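To find a chain, count down the sequence lines: A is the first, B the second, and so on, and within it residues start at 1. Because the structure is a prediction, the values reported are computed rather than measured.
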Number of protein chains: 2
Amino acid sequence: MSVDAKGRGNVTLKDVAARVGVTQAAVSMALAGNPRISEKTRRAVQRAAAELGYVPSSAGRALRRQSAGAIALIVPNTSHHVFGHAYFMHVLTGVSSSSNAHDAQVIVSTNTDGAEGVNAYERVIRSGSADGVIVTSAAVDDANVEALVASGLPVVLIGNFPYLPEAVSVGTDDVAASRLVTEHLITVHGRSRLLHVSGPLDHQTGIDRREGFLQAVRAHALGENALVLEGDMSEESGAEAVRQAHDMGVEVDGVVFANDDMAFGGMQTLRRLGRRVGDDIALVGFDDFGIARTTTPGITTMRVPAERMALAASDTLFAILAGERTGPAHVELPVEFIARTSCGCAGDALSE
Amino acid sequence: MSVDAKGRGNVTLKDVAARVGVTQAAVSMALAGNPRISEKTRRAVQRAAAELGYVPSSAGRALRRQSAGAIALIVPNTSHHVFGHAYFMHVLTGVSSSSNAHDAQVIVSTNTDGAEGVNAYERVIRSGSADGVIVTSAAVDDANVEALVASGLPVVLIGNFPYLPEAVSVGTDDVAASRLVTEHLITVHGRSRLLHVSGPLDHQTGIDRREGFLQAVRAHALGENALVLEGDMSEESGAEAVRQAHDMGVEVDGVVFANDDMAFGGMQTLRRLGRRVGDDIALVGFDDFGIARTTTPGITTMRVPAERMALAASDTLFAILAGERTGPAHVELPVEFIARTSCGCAGDALSE
DNA sequence: CTGAAAGCGCTTACAG
DNA sequence: CTGAAAGCGCTTACAG
């Protein structure tokens, strides 16, 4: 029964039923468009519901239907401040748009954990808060992800998980992408002494982009001159890696950074060291989530289709929830090479 | 009763009760730490719960408690692609951190609406999906916000809503902030022919920053030479406004943009028009969500404490939900002036 | 002190 | 065809 205007004590089916003079069950069916309810009654019910401002209780409905009508987007907080990163915005945009199309809510969850017993990722599903989850930016040694996938609960991962053959995931071919940008530096810009500043090597992305770099330098017999340093995807670590290479006395003429943030950090440091970026040193990044386009010179990069990956991941999750057969367990989306001036190409508006 | 390992048919209190040989109610109390349950039983219950991987059903609990244990962050999609904007990341970070501290879930909701009858913002509360909502970036003419505030449901708004005296909100003093940067151009850099590229004037932020600009130019008797053009916060509109002023034959020596994105767009255009930014023309922006720091020259700006606003808004919402008396209806957080080179100050790392 | 029912709001299977 | 009960999982007020 409705109590007051101040929220608590909301309008329920019973209230609508009392107003119309039918049973609660009839109201439910009427609102669901069940043909068993007469046109006349349905109209009356709809009018009463509108007048009273009836909104179905999500808890009542969820309990009865055994489904929350929501999915969760989980971001392991162990990973590198992803939550504050532009990547996440794109992911959320994709997930949100798919969820809207499927009339589902989106729960955003950082893994705060500490909870013993049940794995934090499973918790959100087992509690029924969400019917399925999307996990992004997981580390390769994240046992929670493994357990979650093994449990058979509805999960779609964003990224590559070669060590989880049963996982449903959406990623990009990072190895090929990295090989491609590296070869761009070699073949188009004639670079031969290359540095790779990798991402953290406990993330598949870090591993794969490094692998692509190595394949390229080896294929061109430049392995001898190549150096790899591990960063953590932050601007600072890009700067740090460049300084470290400098301090080691290693002279490089091209740098492949595993993301744009590191490329930006590295670029500033290179400049302070007196290097002319795009001229006597070429550099490229990964992501194109924003920063690469705004710097001077602009950063040549491999655009990662984060929003589309998230959209595909969500659509796949909804397909799984609907019991529809899903396609291949791992989907790969194409990346896009964006030439700007940092590598020596002139595609940069600001450079005009 | 638990059915299988594949999710559906989860472990419930009944399962735990059967395992231990007590009633479902006893299990509930045991897990809640109710002293009425003996230490021995409590232990046995906890062990059984852990073994079975019991996780309380959020629907069952929500229905019984009449509270969802979640808050919603609502972003009107009518507003300017906020969802994909860095501002939103900061807001989400703040809301999320507060929610974690309060053991609540965060539902992120774009107002897709079209739903007749109940206002879209109220829906999420009346359905019980969320116990309260945070609304960000609402237009001044958004009747939904007004209705929501008037309804007395638990809401906290981010931003300034002078026309909604009953609203609980967290904002910054945009008028003062804008007056301050404008005066910086006038008094520190001796600028006298000023352009303001405002935000959309159906948003309080647009109105207030414009007002601050006008106060400053009037106070310095520069109103005659001042021009105001309306933008929409996008990079393109910043570029467009600058070009428009140019085409009008208006020669300006200083520009106050209502945000950094417009400042960046404007800066590129000014450069193409042959102006030296930070030298023969000074410009400033608002936000400092990322881009202002990465451009060359760096953009002088007023940093908006988005994350802290969101944190304060969430904390306030949880206080309201807890029935605690809340402080003043409108809280104002300080902005921070960040001097970089675009205004003529030399504070920019890249300019060294 | 403890056992077990009631009831949150919903939908649908069942009885009439 | 329609009325009304059952039951989703939980917590707490109530009866014993």
Side-chain angles (χ1 to χ4, degrees), chain A residues 1-3 7-42 44-45 48-49 52-70 123 125-131, chain B residues 1-3 7-42 44-45 48-49 52-70 123 125-131:
Chain A
M1 170 85 87
S2 184
V3 175
R8 325 279 107 180
N10 248 312
V11 178
T12 72
L13 284 181
K14 219 192 272 181
D15 300 309
V16 180
R19 174 88 153 219
V20 180
V22 297
T23 68
Q24 174 185 3
V27 174
S28 173
M29 295 183 211
L31 292 175
N34 187 321
R36 152 175 171 176
I37 305 297
S38 78
E39 181 65 16
K40 182 162 155 283
T41 305
R42 198 172 57 75
V45 165
L52 294 172
Y54 170 73
V55 178
S57 150
S58 67
R61 182 171 274 183
L63 191 56
R64 172 67 222 219
R65 290 191 180 164
Q66 293 293 84
S67 118
R123 217 168 189 74
I125 296 186
R126 297 218 183 272
S127 73
S129 306
D131 301 323
Chain B
M1 169 87 87
S2 183
V3 175
R8 324 280 107 179
N10 249 313
V11 178
T12 71
L13 283 182
K14 217 193 275 181
D15 300 308
V16 180
R19 174 90 150 217
V20 180
V22 296
T23 68
Q24 176 185 3
V27 174
S28 173
M29 296 184 210
L31 293 175
N34 187 321
R36 150 175 174 177
I37 305 297
S38 77
E39 181 63 17
K40 180 162 157 283
T41 305
R42 198 173 56 76
V45 166
L52 293 171
Y54 170 74
V55 178
S57 152
S58 67
R61 181 169 276 184
L63 191 54
R64 172 67 222 221
R65 290 191 180 165
Q66 293 293 84
S67 119
R123 219 171 186 75
I125 295 186
R126 296 216 182 273
S127 72
S129 305
D131 302 322

For [X], check side-chain contact (heavy atoms from CB on, under 4.5 Å) against everything at least two apart and list the hits.
X        : value
B:Arg65  : B:Arg61
A:Ala25  : A:Thr23, A:Met29
A:Ser129 : A:Ile107, A:Val124, A:Ser127, B:Ser58, B:Gln105
B:Thr41  : B:Val22, B:Ile37, B:Ser38, B:Val45

query: In terms of the nearest nucleotide of DNA chain C, which residue is placed more toward the 5' end: B:Gly60 or B:Ile37?
result: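 Per heavy-atom nearest nucleotide, the more 5' residue is B:Ile37.
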Separation of atom [atom1] in [X] from atom [atom2] in [N], rounded to whole Å:
X       : N      : atom1 : atom2 : result
A:Arg61 : C:dC8  : CZ    : P     : 18 Å
B:Lys14 : D:dC10 : NZ    : P     : 10 Å
A:Asp15 : C:dC8  : CG    : P     : 11 Å
B:Leu52 : D:dG9  : CG    : C1'   : 16 Å
B:Gln66 : C:dG7  : CD    : P     : 14 Å
A:Leu31 : C:dC10 : CG    : C1'   : 12 Å
B:Leu13 : C:dA5  : CG    : P     : 16 Å
B:Asn34 : D:dC10 : CG    : C1'   : 15 Å

message: Between A:Asp131 (side chain only) and A:Ser67 (backbone N and O only), is there a donor and an acceptor less than 3.5 Å apart?
response: no
With the criterion being N/O to N/O and under 3.5 Å, what pairs connect the protein with nucleotides 13-16 of chain C, and how long is each?
none

message: Using the rule given for side chain to side chain contact (heavy atoms under 4.5 Å, CB included), can you reason through A:Val27 versus A:Tyr54, listing the C-alpha separation, both sets of side-chain angles and the distance that settles it, and then say yes or no?
response: CA-CA 11 Å; A:Val27 174; A:Tyr54 170 73; 5.8 Å; no
message: Which is more 5' along DNA chain D, the nucleotide nearest A:Ala26 or the one nearest B:Ser28? Just name the residue.
response: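 It is A:Ala26 whose nearest nucleotide is closer to the 5' end.
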field: DNA chain D: 5'-proximal contact among A:Gln24 and A:Ser38 (nearest heavy atom)
entry: A:Ser38
- request: Could you measure between the two P atoms, the one in C:dG16 and the one in D:dG7, and give it in whole Å?
  value: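 Straight-line distance between the two P atoms is 15 Å.
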- request: Would you indicate which nucleotide in D:dC10, C:dT11, D:dG9 comes nearest to any side-chain atom of B:Pro56?
  value: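 Of all the options, the side chain of B:Pro56 is nearest to D:dC10.
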- prompt: What residues, two or more places apart in sequence or in another chain, satisfy salt bridge (charged side-chain N to carboxylate O under 4.0 Å, His left out) together with A:Arg42?
  reply: A:Glu39
task: Just jot down the salt bridge (charged side-chain N to carboxylate O under 4.0 Å, His left out) partners of A:Arg19, sequence neighbours excluded, or say none.
output: A:Glu51
- prompt: When all nucleic acid strands are considered with a 4.0 Å heavy-atom cut-off, which category describes B:Ala25: base, sugar-phosphate, or nothing?
  reply: base
- line: Read 5' to 3' with Watson-Crick or G-U pairs under 3.5 Å, [ ] for crossing pairs and | for partners on another strand, DNA chain C gives |||.||||||||.|||
statement: Hits for side-chain hydrogen bond (donor to acceptor under 3.5 Å, both in side chains) against A:Ser28, two or more places apart or cross-chain, chain-then-number order -> none
